[in-house]
Amino acid sequence: MEEYGPQGWWPVLQRGELKYFPRDYSIPRTDAQRFEITIGALLTQNASWKNAAQALMNLKAAGTLSPRKILKAPKARLEKLVRPARYYRQKAERLKLLAKAYLGLSPKMPTEELRKKLLGVKGVGNETADSILLYAFKRPVFMIDAYTVRLCRKHKLCRAKTYGEHRKFFEENLPKDRELFNEFHALIVRWGQDYSLCAGDIL
DNA sequence: CACCAGGAATGTA
DNA sequence: TACATTCATGGT
């Protein structure tokens, strides 16, 4: 945090651009923002955020950034819009599945119930489900990604192997604080991006 | 030209 | 459980 400062994840669209909100955690998310983040989590899978963001902006510009619009849009049309996010055929199809599932989610549901419903969607794995829980629904969930695993191995923080073991390690050794988890993960990503550029990264 | 980014599903041993 | 393969855009 001293090195990079707050990252303000998750960025949301505003006036045609993606905007970050460093240190602004008290404002509750609108339903539209929750959905946008949920969709963004799927689009960014194994794709640069820049390209995923372009896909998001295409959806927005086409007026297709809502569950019902996505559900009734022709598959070919969605494919064209999300093409920058890579794997566009898969993602167009899974976007519809996720949009359908989203209609059955509520901010009032317990975290475990939300996680179970999310994991039931084809195309949503552990990391994507937890990123949605943390960043869209603001639940105190420590999400694990490839950078986090690299950080653990490089500094020998733990010897967890599975996704669940890693998450358990962080959640048991840090205060269960949603804002802390939010920044912690974003800072790990920031570190990983810097580190892989300056060090060649053999992990 | 090669390499990879804010993964997940499917199949095999 | 541990790997391998498929998916298939853009930036560097």
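Throughout, a chain's letter reflects where its sequence line sits, starting with A, and its residues are numbered from 1. Everything numeric here is computed off the predicted structure, so don't read it as measured data.
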ask   = When you measure from the side chain of A/R86, which nucleotide among B/dG7, C/dA8, C/dA2 comes out closest?
value = C/dA8
inquiry  = Please check this pair: side chain of A/Y163 against backbone of A/I144, looking for a donor-acceptor N/O pair closer than 3.5 Å.
reply    = yes
Return the polar atom pairs (N/O with N/O) between nucleotides 10-12 of chain C and the protein under 3.5 Å, or none.
{"from": "C/dG10", "atom 1": "O4'", "to": "A/N51", "atom 2": "ND2", "distance (Å)": "2.9"}

query = Can you check side chain to side chain donor-acceptor pair (under 3.5 Å) on A/H185 and A/Y147, steps first, answer last?
reply = CA-CA 9 Å; A/H185 172 257; A/Y147 291 127; over 6 Å; no
task = Look at the rings of A/F137 and A/Y102 and say which category their plane angle falls in: under 30° parallel, 30 to 60° tilted, over 60° perpendicular.
result = tilted
Side-chain donor or acceptor of A/K96 paired with backbone N/O of A/A73 under 3.5 Å = yes
So which protein nitrogen or oxygen atoms get under 3.5 Å of nucleotides 3-6 of chain C's nitrogens or oxygens?
none

message = Just the rounded figure in Å: distance from P of B/dA8 to CE of A/M143.
response = 8 Å
Which atoms of nucleotides 9-13 of chain B (N or O only) lie under 3.5 Å from a protein N or O atom, and what are those distances?
{"from": "B/dA9", "atom 1": "OP1", "to": "A/G123", "atom 2": "N", "distance (Å)": "3.1"}

ask   = Can you tell me how far C1' of B/dC4 sits from CG of A/N46, to the nearest Å?
value = 8 Å
inquiry  = Please check: side-chain N/O of A/R190 versus main-chain N/O of A/I188, any donor-acceptor pairing under 3.5 Å?
reply    = no
query = Less than 5.5 Å between centroids and less than 30° between ring planes, does A/W10 satisfy that with B/dG6?
reply = no
